[in-house]
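Read through the structure below, which is laid out as structure tokens, and then see the notes.
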Amino acid sequence: MKLPVLICVGFLAWPSDAWTQSNVGSGPLTGTLTETEPTSGVIGLGPIKLAPGIVVREIGWDSNIYDERVNPKEDYVAAVLPDVALFSRTRFVKVSAYAGGEFVYYQKYESERSNGHAERGRVDFLLSRMRPFVAGGQS
């Protein structure tokens, strides 16, 4: 009876490097989160690493905003996507998170203006062979 208990304890105590799992159980929202610490453009706050970014997807003149064949509508447009990624790893916990937005501005056609956001995160508990996690997100 003691042998199965010792085998189970030995299995759980075995180093995790011998059996790695990457993104096991992550879904479409959290599967894109980073597994490693970011290295470029990083702001370090102790064990927390922040990697902010911004993408200007579109800026200029749209000559046909509704894709009409007759009498196309024209307007100035700007689309900006700011975001920030967060990563932290301690001995027993790894946190990876992302928050970003999308803002589209039309000068004349206010009905075409929009904004959106996405957040997702994952907390991994770095136990030996067992690595439970909690993850969630919203788009």
Side-chain angles (χ1 to χ4, degrees):
M1 190 68 174
K2 291 181 184 180
L3 183 60
V5 173
L6 287 174
I7 291 173
C8 288
V9 170
F11 179 74
L12 292 174
W14 194 267
S16 62
D17 291 339
W19 182 45
T20 57
Q21 53 184 349
S22 176
N23 282 338
V24 173
S26 62
L29 287 175
T30 59
T32 59
L33 292 172
T34 183
E35 286 284 320
T36 59
E37 182 176 319
T39 56
S40 63
V42 175
I43 299 169
L45 302 170
I48 300 171
K49 306 295 183 209
L50 296 171
I54 188 164
V55 173
V56 178
R57 188 184 71 206
E58 180 179 14
I59 190 165
W61 182 255
D62 188 342
S63 61
N64 191 353
I65 63 173
Y66 295 115
D67 293 327
E68 300 170 313
R69 289 182 182 215
V70 179
N71 193 20
K73 309 297 187 278
E74 302 175 335
D75 201 355
Y76 287 103
V77 63
V80 180
L81 294 85
D83 66 357
V84 64
L86 176 139
F87 184 86
S88 181
R89 184 179 179 127
T90 61
R91 181 178 168 114
F92 295 110
V93 177
K94 179 175 71 172
V95 177
S96 185
Y98 169 86
E102 179 177 9
F103 305 100
V104 180
Y105 176 80
Y106 283 86
Q107 183 178 17
K108 189 182 347 178
Y109 293 95
E110 293 181 19
S111 64
E112 295 304 301
R113 295 178 187 171
S114 67
N115 59 50
H117 59 89
E119 301 86 24
R120 52 189 175 265
R122 179 176 168 137
V123 177
D124 289 275
F125 300 98
L126 306 175
L127 307 176
S128 183
R129 281 197 176 256
M130 291 187 56
R131 294 199 172 191
F133 66 91
V134 176
Q138 175 181 345
S139 286

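In this structure, Phe125 CZ and Phe133 CZ are separated by 11.0 Å, a value rounded to the nearest 0.5 Å.
Between Asn64 and Asp67, the shortest heavy-atom contact is OD1-N, 3.1 Å. Residues Ser63 and Glu74 come closest through the heavy atom pair O-CG, 3.2 Å. Asp75 approaches Lys108 most closely through the heavy-atom pair OD2-N, 2.8 Å.
Residues satisfying the side chain to side chain contact (heavy atoms under 4.5 Å, CB included) test with Phe103, not counting sequence neighbours, are Pro82, Asn115. For Thr34, the side chain to side chain contact (heavy atoms under 4.5 Å, CB included) partners at least two apart in sequence or on another chain are Thr36, Phe87, Ser96. In this structure, the side chain to side chain contact (heavy atoms under 4.5 Å, CB included) partners of Tyr66, at least two apart in sequence or on a different chain, are Glu68, Lys73, Tyr109, Ser111, Glu112. For Glu102, the side chain to side chain donor-acceptor pair (under 3.5 Å) partners two or more places apart in sequence, or in a different chain, are Arg57.
No donor-acceptor pair under 3.5 Å is formed between the side chain of Arg113 and the backbone N or O of Tyr105.
For residues 80-96, every residue pair satisfying the salt bridge (charged side-chain N to carboxylate O under 4.0 Å, His left out) rule, not counting sequence neighbours, is listed here: Glu35-Lys94.
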With a cut-off of 3.5 Å and sequence neighbours excluded, list every side-chain donor-acceptor pair involving residues 38-53.
none

Working for side chain to side chain contact (heavy atoms under 4.5 Å, CB included), residues Val123 and Val95: CA-CA 5 Å; Val123 177; Val95 177; 4.2 Å; yes
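Atom CD1 of Ile59 has 12 or fewer heavy atoms from other residues, nucleotides or ligands within 6.0 Å.
Under a hydrophobic clustering in which Ile, Leu, Val, Met, Phe, Trp and Tyr are joined whenever their side-chain heavy atoms come within less than 4.5 Å, directly or via other members, Val134 and Leu86 fall into the same cluster.
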